[in-house]
Amino acid sequence: MRRFLLVGLTGGIATGKSTVSAMFAHLGAKIVDADLLAREVVMPGQPALAEIAKEFGAEVLQPDGHLDRKRLGAVVFADPDRRRRLEEITHPAIHLRQQRILSVYDEEAFEGLVLWDAAVLIESGGHERMDRLVVVLTDPETELRRLMVRDGMAEAEARGRIAAQMPVADKARLADYVIDNSGTRAETERQVRAVHGRLLADLAERRAARA
């Protein structure tokens with residue numbers, strides 16, 4: 001039985017999930033970044049990349065054989081069925097790497113918080129494997145503005161990207177804890193510290209119940 005609390009961290013696009021993740025890391029939590037693992041499983045030579053090229057065509061590959069993430073993204077964000085197909089290819093490989101990482105924390109008998117930072121955690125059903133779920137949200141206007149600035153998108157394209165995802169309000173309804181990242185950094189940090197403390201209390205309660 002693992003000694004750590006496995007916490008899912010998710011949110012909407014450009015809601016500031018990465019910022020919140022970094023704040024949790026500063027407080028001592030271990031972070032497993034699903035986006036980083038997703039990049040690793042589609043590196044040249046990986047089975048998932050070959051399957052993606054077969055499914056979506058060689059045009060989603062760069063001349064050097066690496067995945068052209070921007071071109072693939074344009075395809076899958078415009079077509080929910082294609083996006084689901086991509087997830088069917090990548091999610092099993094990502095899950096396998098996740099389990100390997102968690103097994104290391106088990107072997108080390110780590111006692112603390114391990115955050116699984118994943119944008120589509122709920123959509124993939126991964127939230128059901130978490131001990132707790134934290135959702136990061138922001139108001140729609142802030143989310144739109146941040147996405148346009150961050151990715152250099154026109155307003156119409158940014159609205160399309162947001163509309164293609166599960167509404168963050170729906171994600172929040174499934175959460176054990178919600179962090180509103182609409183305000184200042186200091187306000188977000190205050191919420192992160194509060195949720196961090198509650199999660200540690202949850203872990204302590206679980207230990208006591210097993211004792």
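Side chains are part of it too, since the values below use all heavy atoms of this structure and drop only hydrogens, waters and symmetry mates.
A salt bridge does not link Arg190 to Glu187: none of the charged side-chain nitrogens sits closer than 4.0 Å to a carboxylate oxygen. Arg82 has a carboxylate O that lies under 4.0 Å from a charged side-chain N of Glu55, or vice versa, which qualifies the two as a salt bridge. Using a 4.0 Å cut-off between charged nitrogen and carboxylate oxygen, Asp131 and Arg2 count as a salt-bridge pair. Ion pairing between a basic and an acidic side chain is recognised when a charged N comes within 4.0 Å of a carboxylate O; Arg206 and Asp202 show no such pairing. The pair Glu155-Arg159 meets the salt-bridge criterion, with a side-chain N (NZ, NE, NH1 or NH2) lying under 4.0 Å from an Asp/Glu carboxylate O. Salt bridge annotation for Arg185-Glu189: present, with a cationic side-chain nitrogen under 4.0 angstrom from a carboxylate oxygen.
Criterion: ILVMFWY side-chain heavy atoms under 4.5 Å apart, direct or through other members. Under it, Tyr177 and Leu27 are part of a common hydrophobic cluster. The hydrophobic cluster containing Met166 does not contain Val120, counting ILVMFWY residues as joined when their side-chain heavy atoms lie under 4.5 angstrom apart, directly or transitively. Taking hydrophobic clusters as Ile, Leu, Val, Met, Phe, Trp and Tyr residues chained together by side-chain heavy-atom distances below 4.5 Å, Leu72 shares a cluster with Leu37. Hydrophobic cluster membership differs between Leu9 and Trp116, with clusters built from Ile, Leu, Val, Met, Phe, Trp and Tyr side chains linked at under 4.5 angstrom.
Minimum heavy-atom separation, Gly8 to Leu121: CA-CD2, 3.5 Å. Closest heavy-atom contact between Glu143 and Ile13: OE2-O, 2.8 Å. When all heavy atoms are compared, the tightest approach of Ala158 to Leu147 is O-CD2, 3.6 Å. In plain terms, the two heavy atoms of Val135 and Gly11 that are nearest each other are CG1-CA, 4.3 Å. Across Leu49 and Val42, no two heavy atoms sit closer than the pair CD2-O, 3.5 Å. Between Val41 and Arg97 the shortest heavy-atom distance is CG1-NE, 3.5 Å.
Exactly one residue among Asn181, Thr138, Thr19 makes a side chain to side chain donor-acceptor pair (under 3.5 Å) with Thr188. That residue is Asn181. Checked against Arg3 for a salt bridge (charged side-chain N to carboxylate O under 4.0 Å, His left out), the options Glu107, Glu111, Glu108 give a single hit: Glu111.
Below 30°, between 30° and 60°, or above 60°: for Tyr105 and Phe4 the angle between ring planes is above 60°, a perpendicular geometry.
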